[in-house]
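For the single chain, residues carry numbers from 1 onward in sequence order. Whatever order the structure lists ligands and atoms in, that order sets their numbers, starting from 1. What you see is a predicted model; the values in this text were computed from it and never measured.
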Amino acid sequence: MIYATKITGTGSAYPAKRVTNGDLTKRLAELDVQTSDKWIQARTGIQERRYSDLSNPKESNASLAATAAMRALEMAGKTALDVDQIIVATCSPETNLPSIACFVQRDIGAVNSWAMDINAACSGFVYGLVTASQFINTDQIRTALVIGSEVLHPYLNWYDRSSCILFGDAAGAAVIEQVPVNNESKILNWYLSSDGRYANHLHIPACCPQDGDDDSCQEKNHETGHIVMNGREIFKLAVRRLTKMALTVTDKEGLSIKDLDWLVPHQANQRILEAVAQRLEIPIEKVLVNLDRFGNTSSATIPTVLDEAVRQGRIKSGQTLLLDAFGAGFTYGAMLVRW
Ligand SMILES: CC(C)(COP(=O)(O)OP(=O)(O)OC[C@H]1O[C@@H](n2cnc3c(N)ncnc32)[C@H](O)[C@@H]1OP(=O)(O)O)[C@@H](O)C(=O)NCCC(=O)NCCS
């Protein structure tokens, strides 16, 4: 291989509406579902999240994705015309077809690109980076936009207090470009896997045409069209697999955990991040976190927390980052990056 891939720009976009734990507690109390700011903070670390205004076209999944993409292009010093490929990772598209990626292509004017969505749930951004980088490394394309974008709150089951408190809406993007393989700054290594045996631990039962001509299928029960989650099992699996992947991918590159400057994990629960950091013996200060302010935004967590740290100047040239994700499926993805 004579080419490698480098992340040259990042961007993010959030809906305006902040929903604090207090707001959520009041909303759930109206449904006779009990929770509290204290419980949510203590058990998850989340303080607030954002919800899109579904009547505002600027806050649709595709629009958030396009805004994040434009910000990433600006940082990379590129225009939409330079983009060869757009991959949007999402599990909450507003249309079954076309893909969100095609809307992004239209909205930013990336007329020279081809576009598609992928669904690997919360691991989607890492899956997208790996996929796009294969086209770059084999010289099929030079520049790609990889986006993780979600408007998840319409899929929440307000009667399930263990899951509805966790998720929020956001989009994050990265521009990735071809560099010579001996470039210092590049994607160093990656690891992907999935395990469909755990599919039922986290799923959204579809409201299918096969269910019959029923406009009110969401009212048949609270599960149809809404997130169904086995939180306790996911917690255990997540800690185990995030730890194992971190060791696997650093080992593949001949590095050790001590060589990492930043752990960039999927943002699901502060206690998961702490347990992984403890097992890996990484100081918690090296773990990037934004879930306190945005909750779990699925495929958008890694690109948004990355973008935040890049713009704050915390991530510096030459540093080594480990992206580490898990999600429904289960899907797992880790990537080692030299910035
Ligand atoms: C969901 C999760 C926050 C629950 O936290 P937990 O500490 O495991 O809590 P448990 O499920 O053991 O429940 C403990 C008690 O808290 C209650 N509880 C659950 N949600 C609550 C809420 N929002 N407010 C108040 N009490 C709540 C439970 O009903 C249970 O009560 P009980 O003991 O009377 O039965 C946690 O398991 C988690 O984050 N799991 C991973 C989920 C995830 O990451 N999903 C996305 C994957 S990409």
J.: Is there a polar contact between ligand 1 and R271, counting only N or O atoms under 3.5 Å apart?
T.: yes
J.: Atom 14 (C) of ligand 1: which protein heavy atom is closest, and how many Å away?
T.: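 Heavy-atom neighbour on the protein nearest atom 14 (C) of ligand 1: R232 NH2, 4.3 Å.
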J.: Under 4.0 Å from a heavy atom of R43: give me the atoms of ligand 1 that qualify, with their elements.
T.: 7 (O)
J.: Just going by heavy-atom distances, which of F167, F235, W39 is nearest to atom 27 (C) of ligand 1?
T.: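 Residue with the shortest heavy-atom distance to the ligand atom: W39.
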J.: Would you find more than 12 non-hydrogen atoms of other residues, nucleotides or ligands less than 6.0 Å from E281 atom CD?
T.: no
J.: So, regarding N269 and ligand 1 (criterion: nitrogen or oxygen to nitrogen or oxygen, under 3.5 Å), is there a contact or not?
T.: yes
J.: Mind checking whether T35 contacts ligand 1 via backbone (N, CA, C, O), side chain (CB onward), both or neither, at a 4.0 Å heavy-atom cut-off?
T.: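 Both backbone and side chain.
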J.: Which part of C122 is near ligand 1, with near meaning a heavy atom under 4.0 Å away: side chain, backbone, both or neither?
T.: side chain
J.: Under a 4.0 angstrom heavy-atom cut-off, which atoms of ligand 1 come close to A268?
T.: 44 (O)
J.: Once the angle between the rings of F330 and F326 is folded into 0 to 90°, is it parallel (under 30°), tilted (30 to 60°) or perpendicular (over 60°)?
T.: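 Correct class here is perpendicular.
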J.: Compare all side-chain heavy atoms of I136 with those of Y3 and state whether any distance is below 4.5 angstrom.
T.: no
J.: Could you check whether atom 5 (O) of ligand 1 has a protein contact, counting only heavy atoms that fall below 4.0 angstrom?
T.: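 Protein heavy atom within 4.0 Å of atom 5 (O) of ligand 1: present.
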J.: Determine the interplanar angle of the Y14 and F294 rings, folded into 0 to 90°, and report it as parallel if under 30°, tilted if 30 to 60°, perpendicular if over 60°.
T.: parallel
J.: Taking only heavy atoms of F326, which atoms of ligand 1 are found under 4.0 Å from at least one of them?
T.: 47 (C), 48 (S)
J.: Whether R279 and E274 form a salt bridge (side-chain N of Lys/Arg under 4.0 Å from carboxylate O of Asp/Glu) is what I want to check.
T.: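 R279 and E274: not salt-bridged.
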J.: Counting only non-hydrogen atoms of the protein, does one fall under 4.0 Å from atom 2 (C) of ligand 1?
T.: no
J.: Can you confirm whether some protein heavy atom lies under 4.0 Å from atom 34 (O) of ligand 1, or whether none does?
T.: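 No, no protein heavy atom sits under 4.0 Å from atom 34 (O) of ligand 1.
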J.: Give the atom numbers and elements of ligand 1 that come within less than 4.0 Å of a heavy atom of S162.
T.: 1 (C), 19 (C), 20 (N)
J.: Backbone N or O of A29 within a donor-acceptor pair of the Q34 side chain at under 3.5 Å?
T.: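 Answer holds: no.
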J.: Looking at atom 40 (N) of ligand 1, is any protein heavy atom nearer than 4.0 Å to it?
T.: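 Within 4.0 Å of atom 40 (N) of ligand 1, protein heavy atoms are found.
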J.: Could you tell me the residue and atom name of the protein heavy atom closest to atom 31 (O) of ligand 1, and the distance to it rounded to 0.1 Å?
T.: R161 NH2, 4.0 Å
J.: How about Q178 and D139: does a side-chain donor come under 3.5 Å of a side-chain acceptor?
T.: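 Yes, side-chain donor-acceptor contact under 3.5 Å.
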J.: Considering all protein heavy atoms, does one lie under 4.0 Å from atom 29 (O) of ligand 1?
T.: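 Within 4.0 Å: yes, protein heavy atom nearby.
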J.: Short list, please: which atoms of ligand 1 are under 4.0 Å from a heavy atom of M229?
T.: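 Listed by number with element, the hits are 1 (C), 42 (C), 45 (N).
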J.: So if I count the atoms of ligand 1 from 1 in the order they appear, which ones are less than 4.0 Å from some heavy atom of I165?
T.: 23 (N)
J.: Is it true that the side chains of T20 and D37 contain a donor and an acceptor less than 3.5 Å apart?
T.: no
J.: Please identify which atoms of ligand 1 are closer than 4.0 Å to at least one heavy atom of G231.
T.: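 Matching atoms, with element in brackets: 37 (O), 40 (N), 41 (C).
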J.: With under 30° as parallel and over 60° as perpendicular, where do the rings of H153 and Y51 fit, or are they tilted in between?
T.: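 Rings of H153 and Y51: parallel, under 30°.
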J.: Can you tell if the side chain of V19 reaches within under 4.5 Å of the side chain of K17, non-hydrogen atoms only?
T.: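 In contact.
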J.: Pull out every atom of ligand 1 sitting under 4.0 Å from any heavy atom of T44, numbered as shown with elements.
T.: 3 (C)
J.: Give me the residue, atom name and distance of the protein heavy atom closest to atom 43 (C) of ligand 1.
T.: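 So the nearest neighbour among protein heavy atoms is I234 CG2, 3.8 Å.
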J.: Can a protein heavy atom be found under 4.0 Å away from atom 46 (C) of ligand 1?
T.: yes
J.: Using the side chain to side chain contact (heavy atoms under 4.5 Å, CB included) definition, which of the options D261, L288, D307, V337 pairs with I315?
T.: L288
J.: Does the structure place the NZ or CZ of K252 under 6.0 Å from the centre of the six-membered ring of W190, at an angle of no more than 45° from the ring's axis?
T.: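 Flagged: K252 positioned over aromatic ring of W190.
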J.: Does I46 offer a backbone N or O that forms a donor-acceptor pair with the side chain of Q41 under 3.5 Å?
T.: no
